[in-house]
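Each remark here refers to the structure printed beneath this line.
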Amino acid sequence: MSKVTLAKALNAGLRTAMEADDKVVLMGEDVGRLGGVFRITDGLQKDFGERRVMDSPLAESGIVGTAIGMAMRGYRPVVEIQFDGFVYPAYDQIVTQLAKMSYRSQGKVRLPVVIRIPFGGGIGAVEHHSESPEAQFAHTPGLKVVACSNPVDGYWMIQQAIACDDPVIFLEPKRQYHGDKAELDLDATPDPLFTSTVVRRGEDVTLVTYGPMVRTALAAAEAAVADGRSIEVVDLRSLSPLDLGPVIASARRTGRVVVAHEAHVNLGLGAEVAARVTEECFYSLEAPVLRVGGFDTPYPAARNEHHFLPDLDRVLDTVDRAFTF
Amino acid sequence: MSKVTLAKALNAGLRTAMEADDKVVLMGEDVGRLGGVFRITDGLQKDFGERRVMDSPLAESGIVGTAIGMAMRGYRPVVEIQFDGFVYPAYDQIVTQLAKMSYRSQGKVRLPVVIRIPFGGGIGAVEHHSESPEAQFAHTPGLKVVACSNPVDGYWMIQQAIACDDPVIFLEPKRQYHGDKAELDLDATPDPLFTSTVVRRGEDVTLVTYGPMVRTALAAAEAAVADGRSIEVVDLRSLSPLDLGPVIASARRTGRVVVAHEAHVNLGLGAEVAARVTEECFYSLEAPVLRVGGFDTPYPAARNEHHFLPDLDRVLDTVDRAFTF
Amino acid sequence: MTILTGAPTAHESAGCEPDYVQLLTPEGQRVEHDDYHFDGDDDLVRTFYRDMVLARRVDTEATALQRHGELGIWAQLLGQEAAQIGAGHGSRPQDFIFPTYREHGVALVRGLDPGRLLGLFRGVDHGGWDPAEHNFGLYTVVIGAQTLHATGYAMGLTADGLVGSGDVTRDACTIAHFGDGASSQGDVLESFVFAATYDAPVVFFCQNNQWAISAPIERQSRTPLHWRAPAFGFPGVRVDGNDVLATYAVTRAATDRARAGEGPTFIEAYTYRMGAHTTTDDPTRYRSGADVDAWRRKDPIARVLAYLRSRDAVDDAFVAALEAEADDLGAHLRRQCREMPDPSPLAMFDHVYAEASPEVEAQREGYAAYLAQFDLTGAEGER
Amino acid sequence: MTILTGAPTAHESAGCEPDYVQLLTPEGQRVEHDDYHFDGDDDLVRTFYRDMVLARRVDTEATALQRHGELGIWAQLLGQEAAQIGAGHGSRPQDFIFPTYREHGVALVRGLDPGRLLGLFRGVDHGGWDPAEHNFGLYTVVIGAQTLHATGYAMGLTADGLVGSGDVTRDACTIAHFGDGASSQGDVLESFVFAATYDAPVVFFCQNNQWAISAPIERQSRTPLHWRAPAFGFPGVRVDGNDVLATYAVTRAATDRARAGEGPTFIEAYTYRMGAHTTTDDPTRYRSGADVDAWRRKDPIARVLAYLRSRDAVDDAFVAALEAEADDLGAHLRRQCREMPDPSPLAMFDHVYAEASPEVEAQREGYAAYLAQFDLTGAEGER
Ligand SMILES: Cc1ncc(C[n+]2csc(CCOP(=O)(O)OP(=O)(O)O)c2C)c(N)n1
Ligand SMILES: Cc1ncc(C[n+]2csc(CCOP(=O)(O)OP(=O)(O)O)c2C)c(N)n1
Ligand SMILES: [Mg+2]
Ligand SMILES: [Mg+2]
């Protein structure tokens, strides 16, 4: 296969999953004829029909609620939420119903529902189109939450999420949809879904991130070479459960950890990573775990988003700060 | 005034606020004739009329959405959500509308809406009646989030929340509604709303908590005396903004910090407190900030809730652990 | 303006009976209706009668168990027996039922041991039965959420080709139960949209028992609830919810229609919550005894008995045998309830996920070790 | 079953014009309607005409500005001018308007400088106007959320005693704008419940432009949208959304009714989105050009001009002067757009709260210090 974007990789992953299991159905606004506003489901209704790729009425609670019902009937619905900011009308169905059904029924009812959410900013959009809602889901037991960061992961992770018997919130970094391409090796054996991975080796400091910020983190690591600083970058991939093994192993070596994400810093994933890593590596840390992220303001107007989102400079500034302790 | 319960104190606080400002209106399910399922609004419809104490249709999004409209028209609505687990249908209105209106309008529209939520467990209820949703709101810029823990604070804090020009999520520890009574000094000058406070002095370890767990923390501190351990207890009161001044000052003295709450530990308030305190007190800490809270499972069946909720023993066990570093 | 068609009918404003499908009067007289007919025999009516008596007994026993501290809370069905028993029998076994938290009568008809209902109210579980066993879902506490699940499940039935074949033992549908209060929730209204758009084989069965805790139906709607259905594109019908022949006939017609692939139906069963909202509620704070008395005269059980008696279809022996059966059921319930084991502490960590999470497992282990300190052997042994 | 009343009218199924209030045919002929009458003079019609032409120009200019990279996105109103100008003039200044994101024409009528609308689409703000200035709220992107705000505001008007006094300069109401797609959202449906329960002086103005991005109206409803209103207890009316006389007359009647304390009304303005959903949308992927052509023949502006011409109420000089006015407006918009300053970075920290939060202030200071490192003097100077 030639090199593909994240958008195409996700499309290919969905197609493969649909071919493999005819219980896989897609639901969401504009996912059919239009192929979704980001074209992630492009061509799938044409090839799999209206029964398997369903254009939904404009009501997110209704979409997730009916997906739950379909799952109870044995289907494996993959729901597209059009933009991060529009998942909230479905929040009740996700948090009180989807997340709890396995528990309430003592495992008798399984809900293998995937909720795909294009998330994060950086595309110059109007309000509600650039949110990072991951912490709200990761704080909810019963949900699994993953974020892909590149085409190869996108291709495999979406298939793994669909195959998982638990509800999975599947976060797609929308500003990377049409970014760096990568080659897909269809015969590869992917890492298990709920694992994190070191995407760049380094010695001096551990930079932990996920989704859209992985690219920024890698660029920061590259830039830091010039300053003689060696940054190890971990892509968390799974936000719940959190696989902190690689982070802890790295922190024990480097003694310094920085967590970066687009989400608001306050009660973002960085807080949890900081708390756990500090507990596990208390005697190894040379500095507190530092966080860099979106400010604790609503997402600003697009012309200020480059100030709101942590960029290479702000990440490196935080890395520098980790060396002031 | 004689000694009153938290329930009565809140009722008195609401009454005082309604007398002081006729723009204050109450909205919610069963708040009128019934006085709310916990009787917090008891007698208020009788005395202030149906125009000011409005029984709402059974639809939380509708309640919060119309409260926003009332606020735009100059009212100061105080909304009662019947139980914590039923706030989620209103989540979209709270997070995308209520929280953002001041920001979006560049301060031209203010929404002085208070959302009262009886929260937390310990009352032997069926599912969805014992949730602790505070982190989800505290992670949302534009909202202020407070939790009272005793009758005196309840009386003053509800009035201060109503007087505040920002939207306030007001958390009431339902298992304390009919608990310890306290004397209200109506001439006292209360602490400002968005401040935390040391509720018991101690030397060896700082125990940080809020809402229903304050009572448990104080009991733990009392019990620890026998072991020769002196615990300082901080009642956060305000969860957003977080006033960590007293915690940091205490941590610098004690070198050990434990955070306790009923909410799930993962991404709960404890994570944020741990991350910030560690950053501020890196060189003073003798141990990592430890957390004790609800497990990362859905709230269990009532007969197991005493295992799920951190009790005196589990709090002290965590305190002990802080001394193993 | 001629557009206004939303005003209450003169009939209703005058305080008369609402215009509904009735096949059996409060006095136990059979009456006919143009569109709905009861085609069962006396045996079936006797079965209805029996189930209603047993459902009421379940309710009485559970209420008593709550009073004795054996249950944390109980949601009574008193007065709603005809609505529930008619709805239960109106479905077929392959139909999937999505209850709210008060459908004890429907559960009984579906063959669920009533004792299984108690766990939720006792606080030992969140619903102790397997939904697949009797095609009867778990109780849903978040008002209205299940109506969307019922619609989605029905969409799945269509996708499975289980609609419209004409084979009544094969074709299937769903029934979504909810209350008058629930009719205001966005989820319920969205379920009408989805049901109509996908022509889903779902029957919306609303027990309008006039109250949502302390809120009277007027707080939710200025118009009869069943008016909403045609607005969304499917039929709505109001039925005397205290007339089991009528609730049965209307449900049977609606489910037949759904199974035949003709889409959703909304049934408003007009009834009354004779008891409190739950055992923790005090209805004297918000409603008058006179209302309750008026409805007591429309008791759903009394009228069936009167009808059966008038046809000599039951005799004193039948009534006495049923009474004995109810007594046995009561004793069984009391025993089951008291013998229900408390959950093991570590069971709290089970089934959070279908595929275990290392985090939850670590917490389970940590808590097991913590409990072991106290030498709580129970905690270890029970898993 | 006689209960089914939800089927489409034969009229509609036959592909004919839907049954709606029309006062001006596509050819520009005045027609009468039993219930709604246009009582304005030629001056008023000329004003409508002018506003529609200007609204279209705003739309064309903004679309061009987006193509030139000056706006991030634009939501076109092309084809919906009559719906919006009629709705705008049908209200009174004291009425409060809750728009969605496409009500540029209504904004114009309310006296809002169209340039103020551009900030949101350029990405310099989230809405650059003061809602109180023209009683015109901020655009709302989360579909349907504003319908509840409109209902709550209307409840506030009632509480303020600003309803039913009979003084048309004093009594007030609200108008909630939304689209056909929005009609499926729980919030919109709940707003009907609240409006009915509280008899709120709110007018629901739904522009059924047949599409919600790629979803045709059939995806949201099997029945005419205005049927929903009487189901909830208030009148619903469908109006030819391309006929400005009709949209005006119907809106005026509905707002008069609301102000008089007679409660809500639902207006379905039956129209068509001639353009793409937004400038990022490609409608050729999901709809046929034939449909668009058919609607082009019902152009809302052409028919008013034809009507005015037929009465000699406009001449070439008027049309030319209006053209010049539109050109000026276009030039003004282009200039305003290009001159719009980017927000200062630190403005990002403003107005998160009405009462400043120490946390946000600390972040502001931290970021100011950070920027100062780079010697970005702009960052410091602009606040
Ligand atoms: C979303 C939500 N909000 C509030 C509640 C609290 N509550 C439980 S039952 C009830 C009233 C329900 O009334 P109705 O739908 O008429 O059913 P009924 O109890 O009369 O059978 C309320 C408000 C809830 N369970 N869920
Ligand atoms: C809650 C929510 N879900 C999804 C979207 C994405 N979205 C923006 S506009 C739109 C279609 C709206 O259609 P309609 O209500 O008919 O209004 P129109 O655009 O036709 O004026 C959608 C799905 C949104 N803005 N908000
Ligand atoms: Mg009811
Ligand atoms: Mg539309």
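Sequence lines set the chain letters: A, B, ... in the order given, protein chains first and strands last, and positions in each chain run from 1. Atoms considered below: every heavy atom in the structure, side chains included; atoms not considered: hydrogens, waters and symmetry mates.
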>> With a 4.0 Å cut-off on N to O distance, would you call D160(C) and K23(A) a salt bridge?
In response: yes

>> Does any part of the side chain of T158(C), heavy atoms only, come nearer than 4.5 Å to the side chain of D199(C), both counted from C-beta?
In response: no

>> Using a 4.5 angstrom heavy-atom cutoff, name the option from S357(C), S191(C), A145(C) with the most pairs to chain A.
In response: A145(C)

> With a 4.5 angstrom heavy-atom cut-off, which part of L120(C) approaches chain A: side chain, backbone, both or neither?
Replying inline: neither

>> Out of S102(A), S240(A), S56(A), return the one with the most heavy atom pairs under 4.5 angstrom to chain C.
In response: S102(A)

>> Is the shortest side-chain heavy-atom distance between V24(A) and R52(A) below 4.5 Å?
In response: yes

>> Does this structure show an ion pair linking R110(C) with E103(C), if we count only N-O contacts that are shorter than 4.0 Å?
In response: no

> Based on non-hydrogen pairs under 4.5 Å, which of Q93(A), M27(A), K100(A), M72(A) is most in contact with chain C?
Replying inline: Q93(A)

>> If I measure from the heavy atoms of chain A, does A159(C) come under 4.5 Å with its side chain, its backbone, both, or neither?
In response: both

> Under a 4.5 Å heavy-atom cut-off, does chain A meet the side chain of T197(C), its backbone, both or neither?
Replying inline: side chain

>> As an exercise: rank T151(C), V141(C), T140(C), D130(C) by heavy-atom pairs under 4.5 Å with chain A and give me the winner.
In response: D130(C)

> Which bit of Y139(C) comes within less than 4.5 Å of chain A, counting heavy atoms only: side chain, backbone, both or neither?
Replying inline: backbone

>> Going by ring pair (Phe, Tyr, Trp, His ring centres under 6.0 Å), H177(C) matches just one of Y101(C), F204(C), F96(C), F205(C). Which one?
In response: F205(C)

>> Any carboxylate oxygen within less than 4.0 angstrom of a Lys/Arg side-chain nitrogen, looking at R237(A) and D243(A)?
In response: no

> For D55(A), is it the side chain, the backbone, both or neither that has a heavy atom under 4.5 Å from a heavy atom of chain C?
Replying inline: backbone

> How would you list, by chain and number, every residue that makes a salt bridge (Lys or Arg N to Asp or Glu O under 4.0 Å) with D235(A), sequence neighbours excluded?
Replying inline: none

> Is Q336(C) reaching over with its side chain to a backbone N or O of R116(C), donor-acceptor style, under 3.5 angstrom?
Replying inline: no

> Among C164(A), P77(A), A67(A), who wins on heavy-atom pairs under 4.5 Å with chain C?
Replying inline: C164(A)

>> Out of M101(A), R51(A), Q106(A), M54(A), return the one with the most heavy atom pairs under 4.5 angstrom to chain C.
In response: Q106(A)

>> So for L143(A), is it side chain, backbone, both, or neither that comes closer than 4.5 Å to the heavy atoms of chain C?
In response: backbone

> Which class fits the ring pair F192(C) and F234(C): parallel under 30°, tilted 30 to 60°, perpendicular over 60°?
Replying inline: perpendicular

>> Quick check for you: among H149(C), E190(C), H126(C), E133(C), which has the greatest number of heavy-atom pairs under 4.5 Å with chain A?
In response: H149(C)

> Where does T147(C) contact chain A at under 4.5 Å (heavy atoms): side chain, backbone, both or neither?
Replying inline: neither

